[in-house]
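The next block holds one structure in the form of structure tokens; read it before the comments.
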Amino acid sequence: MRIGIVGGGMAGLMAAYRLGQAGHQVSVYEAQPSLGGQAGTFPIAGNRLEHFYHHIFHSDLAVLDLIDELGLSDRLVWHHNRSGYFYGGRIHDFVTPLDLIKFKPLPFLSRIILGVQTLWLQHFGDWRKLERITAKEWLLKRGTRPIYDVVWGALLRGKFGDLDERVNMAWLSTKIQVRRAHNGGEWHESLGYVMGSLQLLIDGLEQRIRADGGSIHTSAPVERVHVVEGRCTGLTYTENGTSFTDDLDAVIMTVGSHVALQIAPDMPNDYRRLLEVQRYQGAIVLVATMDRSLVDNYWLSLPEHDIPLVVALEHTNFIEPEHYQGKRILYLSNYVSPEHPQFHMSKEELLELYEPTLRRLNPAFRLDWINESWLFKDRFGQPVFDVNYSQRIPSHETGIKGLYLANTSQIYPEDRGVNFALRLGETITTIVQGGTARASLRW
Ligand SMILES: Cc1cc2nc3c(=O)[nH]c(=O)nc-3n(C[C@H](O)[C@H](O)[C@H](O)COP(=O)(O)OP(=O)(O)OC[C@H]3O[C@@H](n4cnc5c(N)ncnc54)[C@H](O)[C@@H]3O)c2cc1C
């Protein structure tokens with residue numbers, strides 16, 4: 001078959017790799033100048049780095065398998081997670097159960113309840129039941145107000161903004177379970193990273209797709225998917241200002257649901273409706289290089305209401321600065337609705353907005369510590385999963401023969417991640433070749 005794949009992120013590249021291996025003639029069309037999508041990278045301080053911070057969990061079996069398959073195992077390192085929680089004007093360590101017991105912002109009884117709640121969710125949380133209720137309702141019923149206000153509610157607010165009260169409890173419980181799975185019962189969690197960045201995986205996939213005869217077009221946005229008598233016949237894309245139409249037997253769209261609606265307007269109304277109502281939070285990430293370190297932690301959650309971002313993450317407290325010409329690398333990240341004013345701010349405006357927070361983290365901080373900075377945004381950063389989402393999850397088959405959807409809104413209840421993007425690529429490969437696979441994945 002001649003198969004077109006719209007989007008050269010991890011899901012699209014994995015699908016192209018597997019379909020090429022199976023003997024199909026594959027073409028990938030990527031709107032951006034480089035491949036990788038949300039896992040893409042850029043040059044920084046003599047190395048490469050993800051636009052959006054990325055680390056690997058022990059439960060990311062598909063990522064670990066791919067690293068192995070591409071011969072990159074010697075590039076994978078594991079380091080202890082050094083997460084912190086900035087609350088009440090100070091940074092609290094927030095990794096081990098002992099940290100929880102010592103977490104003073106919560107009354108002692110609440111700390112015990114939080115521990116029990118987390119353990120229960122890790123071992124007994126059944127997402128099918130938990131998706132019937134919002135996370136807020138469940139957490140307030142089974143916990144205390146301070147736990148909700150200080151920990152869970154703050155986490156939900158950070159990730160989902162104004163939509164925090166709509167998110168279902170399956171999202172939270174599955175996050176906890178996936179992360180816990182395959183951790184080998186480690187007391188102090190460790191996180192993985194591919195030295196040289198995820199670009200090594202992206203390059204490895206690209207080489208193999210080309211070696212199997214596949215073609216890859218970058219800076220080539222797909223404008224329109226063609227449908228004749230209910231069957232997909234190809235697509236039109238632009239490259240260097242010129243329009244091209246390719247005849248194809250099948251097209252897989254790995255783009256956000258709203259882009260799929262634009263490029264494939266012929267999908268049946270019932271199916272279109274499912275994509276129209278899908279909500280996403282946009283991701284904003286500012287990356288800065290500095291001569292000195294801001295904090296001692298790697299991941300620092302910023303849960304308080306008056307702080308205009310959700311995470312400050314010092315990458316070089318995870319991977320040593322020697323790999324970046326001695327520079328310190330800081331990510332400042334927020335999730336907001338794509339309509340929110342912050343989503344439209346320039347790098348300079350965001351730095352000005354974030355500066356008081358950086359001073360709260362380290363009173364000596366001054367903007368001139370920053371040597372260089374970059375701003376990255378993605379309007380489909382985080383899908384929002386509300387109550388009974390499984391009943392509204394769009395299927396991979398779109399209702400048009402030969403036209404498929406495989407995007408982050410279908411990764412449920414697990415939620416997006418490189419691991420699940422790779423598995424989505426494998427799943428859609430099976431479906432396109434006539435096999436059956438569930439829309440939802442399990443770890
Ligand atoms: C801030 C942030 C932090 C993250 N951290 C982690 C982490 O630590 N660990 C982890 O595992 N995962 C993390 N993720 C998630 C992970 O990166 C994604 O789940 C995964 O990369 C998604 O891959 P995808 O191929 O499904 O989608 P995408 O990467 O979104 O790929 C879709 C591609 O389609 C392209 N496209 C759009 N429109 C068109 C068009 N018209 N024509 C052609 N191409 C088009 C886009 O440019 C994009 O390249 C993070 C994500 C974000 C936003």
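- Not a single donor-acceptor pair under 3.5 Å links the side chain of Asn81 to the backbone N or O of Val95.
- With Trp171 as the fixed residue, the ring-ring contact (aromatic ring centres under 6.0 Å, His included) test singles out one of Tyr389, Trp127, Phe160: Phe160.
- With hydrogens and angles disregarded, a donor-acceptor distance shorter than 3.5 Å links the side chain of His396 to the backbone of Leu405.
- Nearest heavy-atom pair across Leu403 and Ala264 is CD2-CB, 3.9 Å.
- When side chains are defined from C-beta on, Pro394 counts as touching Leu275, because their heavy atoms get closer than 4.5 Å.
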**Asked** Would Trp374 and His51 satisfy ring-ring contact (aromatic ring centres under 6.0 Å, His included), going step by step from the backbone distance to the final call?
**Response** CA-CA 9 Å; Trp374 298 259; His51 301 128; over 10 Å; no
**Request:** Could you walk me through whether Asp306 and Arg360 pass the salt bridge (charged side-chain N to carboxylate O under 4.0 Å, His left out) test, one step at a time?
**Result:** CA-CA 12 Å; Asp306 58 341; Arg360 278 168 75 176; 3.2 Å; yes
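- Of all heavy-atom pairs between Thr218 and Gln32, the closest is CB-O, 3.6 Å.
- Checking side-chain atoms of Glu131 against main-chain N and O of Ser390 turns up a donor-acceptor pair under 3.5 Å.
- Under the 4.5 Å side-chain criterion, counting only non-hydrogen atoms from C-beta, Trp138 is not in contact with Lys141.
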**Request:** Under the salt bridge (charged side-chain N to carboxylate O under 4.0 Å, His left out) rule, what do Asp266 and Arg224 come out as? Steps first, then yes or no, please.
**Result:** CA-CA 10 Å; Asp266 302 314; Arg224 181 76 195 240; 3.2 Å; yes
**Request:** Using the side-chain contact (heavy atoms from CB on, under 4.5 Å) rule, take Leu172 and Val167 through it: C-alpha gap first, then chi angles, then the decisive distance, then the call.
**Result:** CA-CA 9 Å; Leu172 183 60; Val167 176; over 6 Å; no
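- Without hydrogens or angle criteria, Asp93 side chain to Asp99 main chain gives no donor-acceptor distance under 3.5 Å.
- Using a 4.5 Å heavy-atom cutoff, the side chains of Leu70 and Leu200 are not in contact.
- Between Leu201 and Ile67, the closest side-chain pair of non-hydrogen atoms falls below 4.5 Å.
- For the pair Phe318 and Arg82, the minimum side-chain heavy-atom distance is 4.5 Å or more.
- Although no hydrogens or angles enter the test, the distance criterion places a donor-acceptor pair under 3.5 Å between the side chain of Lys377 and the main chain of Phe343.
- With hydrogens and angles ignored, the 3.5 Å screen pairs a side-chain donor or acceptor of Gln410 with a backbone N or O of Ser395.
- Here CZ of Arg366 is found 14.0 Å from CG of Leu358. Values are rounded to the nearest 0.5 Å.
- The CG atom of Leu163 lies 7.0 Å from the OG atom of Ser337; values are rounded to the nearest 0.5 Å.
- The shortest distance between side-chain heavy atoms of Ile176 and Thr118 falls below 4.5 Å.
- Checking each of Tyr298, Trp78, Tyr331 against His55 for a ring-ring contact (aromatic ring centres under 6.0 Å, His included) leaves exactly one that passes, namely Tyr298.
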**Message:** Between Tyr280 and Ser257, is the side-chain contact (heavy atoms from CB on, under 4.5 Å) condition met? List the steps.
**Reply:** CA-CA 9 Å; Tyr280 293 87; Ser257 294; 3.2 Å; yes
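- Taken to the nearest 0.5 Å, the CG atom of Leu286 stands 5.5 Å off from the OG atom of Ser373.
- Looking only at distances, a side-chain donor or acceptor of Asn419 sits under 3.5 Å from a matching main-chain atom of Leu61.
- By the 4.0 Å N-to-carboxylate-O rule, Lys175 lies close enough to Asp415 to be salt-bridged with it.
- Closest of all the heavy-atom pairs between Ile428 and Ala15 is CG2-CB, 3.8 Å.
- For His305, the NE2 atom counts as loosely surrounded, since its 6.0 Å shell holds 12 or fewer non-hydrogen atoms of other residues, nucleotides or ligands.
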**Message:** salt bridge (charged side-chain N to carboxylate O under 4.0 Å, His left out), that's the test. Do Lys327 and Asp291 meet it? Break it down for me.
**Reply:** CA-CA 6 Å; Lys327 299 271 181 228; Asp291 291 330; 3.6 Å; yes
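- Between the side chain of Arg292 and the main chain of Phe365, no donor-acceptor pair closer than 3.5 Å is present.
- Between Tyr85 and Pro303 there is a side-chain heavy-atom pair separated by less than 4.5 Å.
- Test Tyr53, Trp299, Tyr193 against His315 for ring-ring contact (aromatic ring centres under 6.0 Å, His included) and you get one pass: Tyr193.
- When side chains are defined from C-beta on, Thr408 does not count as touching Phe380, because their heavy atoms never get closer than 4.5 Å.
- Between the side chains of Thr41 and Gln199, at least one donor-acceptor pair of N or O atoms lies under 3.5 Å.
- By the 6.0 Å contact criterion, CG on Asp296 is open, its count of non-hydrogen atoms from other residues, nucleotides or ligands being 12 or less.
- No donor-acceptor pair under 3.5 Å is formed between the side chain of Asp149 and the backbone N or O of Pro146.
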**Item:** side-chain contact (heavy atoms from CB on, under 4.5 Å) between Glu165 and Thr134, worked out
**Value:** CA-CA 7 Å; Glu165 298 193 2; Thr134 66; over 6 Å; no
**Request:** Dump the intermediate steps for ring-ring contact (aromatic ring centres under 6.0 Å, His included) on His217 and Tyr29, then the final yes or no.
**Result:** CA-CA 5 Å; His217 306 266; Tyr29 307 87; 5.1 Å; yes
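- Distance alone, capped at 3.5 Å, is enough to place a donor-acceptor pair between the Glu314 side chain and the Val295 backbone.
- The structure places CD1 of Ile329 at 11.0 Å from CG of Asn317, a figure rounded to the nearest 0.5 Å.
- Within a 6.0 Å sphere centred on CD of Glu352, heavy atoms belonging to other residues, nucleotides or ligands number 12 at most.
- Taking CG of Leu156 as the reference point, atom CE of Met169 lies at 8.5 Å (rounded to 0.5 Å).
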**Asked** What do the steps show when you test Glu276 against Arg273 for salt bridge (charged side-chain N to carboxylate O under 4.0 Å, His left out), and what is the final call?
**Response** CA-CA 5 Å; Glu276 275 160 13; Arg273 183 81 198 115; 3.4 Å; yes
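- Here the options are Arg392, Arg279, Arg132, the test is salt bridge (charged side-chain N to carboxylate O under 4.0 Å, His left out), and the partner is Asp386; only Arg392 passes.
- Taking both residues in full, the closest heavy atoms of Pro308 and Gln342 are given as O-NE2, 3.1 Å, listed atom of the first, atom of the second, then distance.
- Rounded to the nearest 0.5 angstrom, Ile319 CD1 and Ser197 OG are separated by 11.0 Å.
- Paired with Tyr17 under the rule side chain to side chain donor-acceptor pair (under 3.5 Å), one option of Glu206, Glu69, Glu426 passes, and it is Glu69.
- Between the side chains of Gln117 and Trp152, at least one donor N or O lies within less than 3.5 Å of an accepting N or O.
- Enclosure of atom CG in Asn371 by more than 12 non-hydrogen atoms of other residues, nucleotides or ligands within 6.0 angstrom is indicated.
- More than 12 heavy atoms of other residues, nucleotides or ligands shown are found within 6.0 angstrom of CG on Asp368.
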